[in-house]
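For reference, positions follow the sequence shown, starting with 1.
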Amino acid sequence: MGGSLQKRLLICILLVNVILIATSSILLMDVLSKKEKAKEIANINECSMFLFSSIEALAFERGRTNVVLTSKTPIGESNRVFINERRKQVDDSLNAGITRIALLNSAEAENLTKQHNRLKQLRAYADTQAQLNLAERDGLFRSIWIEESTFIVFQIKRAIEEMEKPTTDLGFFDFYHHFQLDCVEFRLFSGYSASVLTAVVNRGERLSSSEYENFIESRSKADYIWSGIEKNVSDINRSELTEKKERVYNEYYKNYRIFQNEILLKAMNGSATSTDAEHLSDLSVRAFDSIFELIREVNLEAEKSVNAMERRAIEQLQVAFLQFFLALGFALFTLVYFRVRLFAPLDRIIGALKNIVDGRPVVPVEDEL
C-alpha cells in the first residue's frame, strides 16, 4: 500500500512539474523568437536608414546634374561643389547600406553594387559633358542620365521594400517604413517634374507638348501621394512629424510651386530666362530638402519604435528566464522535499510496522509519525 501511495504521489508530482517546465519552456521560446524578431527589424531599420540617405543625396545629384547638362555654359564652381558633396553622401551611405543588406539579402546587395558601379560610369561621362558648352555636348546623354539615375533610385527603393518581405508581423514599424517609401516617391515625382521644367528653361526653349505632359503627369502623381502622406501624419499624431509636414507644405506648395507655376507659363511661351532657372533651383533645394527632413523625422520615430520593441523583448526574456529557472527549482525542490519529508519517513514507518508484525524489535518512529 505504501509503495502504491508513493508511486501515485510521485507520478502526480512529476506530472505537475512537467506541465510547469513545459509551459515555461514554451514561453521562453516565444520570447526568444520575439527578441530575434526585434533584432531583425532593428537590422532592417539600420540598413534602410543608410539607403534612404543615399536616395536623398542621389535625388539631388540627379536633378542638379540635369540642370548642368542643360546649361548653355560649362559647369560653374557652385554646382560642382554641390554635386560633389551629394556624391560623397551617396557613396558613403550606399556602401554602408550594401554592407548591411548583404547580411539580409545577398542578391539585393549584389544588385545594388552593380547599380553603384553603373552610377560611377554615368558620373564620369557626365563630368566630361559638363566641361563643354551646350552645343558641343552629346544631345542624347541628358535623357540617358535622367532615365538611368532615376532607375538606380528606384532600384535602391526596391531593395528597401525587399528587405522586409521575408519578415512577418512587423507591427507599427511596417507603417513607418511604408510612410517613408511614400515620401521617397513624392520626392521622386515632384523632383522629376521640376527637372523637366528647369531643363527647358535652361535651354531657353519653349515647353513642348510631350514635356508638358510629362511635367503634369509627374506633378499629379506627387500631389496624389502627398494627400496620403498628410493623412498618415494625422494618423500618427506626433507633433514633430506634423511640424516637418507643415514645413514641406510651406516650402514646396506655398513657395516653390507658386513660383514654378509662374515659370511654367513663361516656359510655355518661351519667355523664361536663366535667372528664372537659377531662382527655381534655389527654391527647389529648400523644398526638396524639407521632404527628406520629414523622412529623417520618420526615421527617428521608427528607431524609437524599434528600440522600444527591443527593450520590451529583453525585459520579457529576463522574466521568461526567471520563470523557467523558478519552474526547474520548484521541480527539484518538490522532488527532494517529498523524498526527504514524506517518502523516506513513510518507508521507515512501514518498516516498523512490518517489524511489529514479525515480532522483531521496533526502532522509535515518533519523529516520522
Side-chain angles (χ1 to χ4, degrees), residues 56-73 75-83 85-86 134 142 145-146 149-150 153 182-230 233 242-295:
E56 172 188 354
L58 183 52
F60 279 111
E61 180 191 350
R62 179 193 68 164
R64 187 57 62 91
T65 301
N66 181 57
V67 170
V68 168
L69 292 175
T70 56
S71 177
K72 294 180 180 179
T73 57
I75 184 172
E77 183 60 24
S78 61
N79 282 332
R80 188 192 307 277
V81 170
F82 182 89
I83 290 173
E85 288 176 351
R86 299 298 178 168
L134 181 60
R142 187 188 68 82
W145 166 259
I146 282 292
S149 60
T150 301
V153 170
D182 287 342
C183 291
V184 167
E185 282 206 67
F186 173 74
R187 169 61 179 87
L188 293 177
F189 286 121
S190 59
Y192 182 77
S193 63
S195 294
V196 170
L197 182 60
T198 306
V200 171
V201 175
N202 263 334
R203 295 198 307 267
E205 300 174 355
R206 190 189 300 270
L207 190 70
S208 68
S209 58
S210 61
E211 288 171 326
Y212 178 78
E213 288 175 3
N214 288 335
F215 173 84
I216 293 299
E217 181 182 2
S218 297
R219 206 165 73 160
S220 298
K221 287 179 179 177
D223 291 342
Y224 175 76
I225 295 169
W226 178 251
S227 63
I229 290 173
E230 288 191 307
V233 171
T242 303
E243 180 184 340
K244 292 295 188 293
K245 186 264 294 183
E246 288 301 319
R247 182 167 185 265
V248 176
Y249 183 79
N250 289 328
E251 293 289 351
Y252 180 72
Y253 282 100
K254 285 191 173 182
N255 295 329
Y256 178 74
R257 279 283 285 266
I258 291 175
F259 185 70
Q260 187 186 58
N261 289 335
E262 294 176 9
I263 301 304
L264 176 62
L265 295 176
K266 289 184 177 182
M268 292 177 72
N269 57 37
S271 63
T273 64
S274 58
T275 303
D276 292 329
E278 290 176 5
H279 188 44
L280 196 63
S281 295
D282 291 339
L283 289 176
S284 71
V285 171
R286 291 200 298 270
F288 296 143
D289 194 51
S290 68
I291 297 169
F292 283 105
E293 282 189 15
L294 177 59
I295 292 175

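In this structure, CG in Asn79 is found 7.5 Å from OG in Ser71, a value given to the nearest 0.5 Å. The distance from the CZ atom of Arg64 to the OG atom of Ser195 is 10.5 Å, given to the nearest 0.5 Å. Once rounded to the nearest 0.5 Å, the distance linking CD1 of Ile263 with OG of Ser271 reads 8.5 Å. In this structure, CZ on Phe189 lies 5.5 Å from CD1 on Ile225, to the nearest 0.5 angstrom. Between atom OH of residue Tyr192 and atom CG of residue Leu197 there is a gap of 12.5 Å, rounded to the nearest 0.5 Å. Interatomic distance, CG of Asp182 versus CD1 of Ile229, reported as 6.0 Å (0.5 Å rounding).
The minimum heavy-atom distance between Gly191 and Phe288, with the atom names listed, is CA-CZ, 3.8 Å. Contact detail for Leu283 and Asn255: the closest heavy-atom pair is CD1-O, 4.4 Å. Considering every non-hydrogen atom in both Leu58 and Ser149, the closest pair reads CD2-O, 4.3 Å. Of all non-hydrogen atoms in Arg62 and Leu188, the two that sit nearest each other are NH2-O, 3.6 Å. The two residues Cys183 and Leu294 make their nearest non-hydrogen contact at SG-CD2, 3.8 Å. The shortest non-hydrogen separation linking Ile75 to Arg80 is CG2-NH2, 3.5 Å.
Residues forming a side-chain hydrogen bond (donor to acceptor under 3.5 Å, both in side chains) with Glu185 (at least two apart in sequence, or on another chain): none. Listed by chain and number, the residues in a ring-ring contact (aromatic ring centres under 6.0 Å, His included) with Tyr249 are Tyr253 (sequence neighbours excluded). Not counting sequence neighbours, the partners of Asp276 by the salt bridge (Lys or Arg N to Asp or Glu O under 4.0 Å) test are Lys266.
The closest side-chain donor-acceptor pair between Arg142 and Thr70, if any, does not fall under 3.5 angstrom.
Counting only heavy atoms from C-beta outward, the side chains of Val153 and Arg187 never approach each other to under 4.5 Å. Within the 4.5 Å cutoff, side-chain heavy atoms of Asp289 are placed close to those of Glu293. Counting heavy atoms from C-beta outward, Leu207 and Leu264 have side chains that approach closer than 4.5 Å.
Other residues, nucleotides and ligands contribute only 12 or fewer heavy atoms inside 6.0 Å of the OH atom of Tyr212.
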*Can you list the steps and then say if Val200 with Phe215 is a side chain to side chain contact (heavy atoms under 4.5 Å, CB included)?*
CA-CA 11 Å; Val200 171; Phe215 173 84; over 6 Å; no
*Can Lys221 and Glu217 be said to form a salt bridge (Lys or Arg N to Asp or Glu O under 4.0 Å), step by step?*
CA-CA 6 Å; Lys221 287 179 179 177; Glu217 181 182 2; 3.4 Å; yes
_side chain to side chain contact (heavy atoms under 4.5 Å, CB included) assessment of Thr198 paired with Asn66_ = CA-CA 9 Å; Thr198 306; Asn66 181 57; 5.6 Å; no
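For the ring pair (Phe, Tyr, Trp, His ring centres under 6.0 Å) criterion with Tyr252, the lone passing option out of Phe186, Phe292, Trp226 is Phe186.
By the 6.0 Å and 45° rule, Arg286 does not stack over the aromatic ring of Tyr256.
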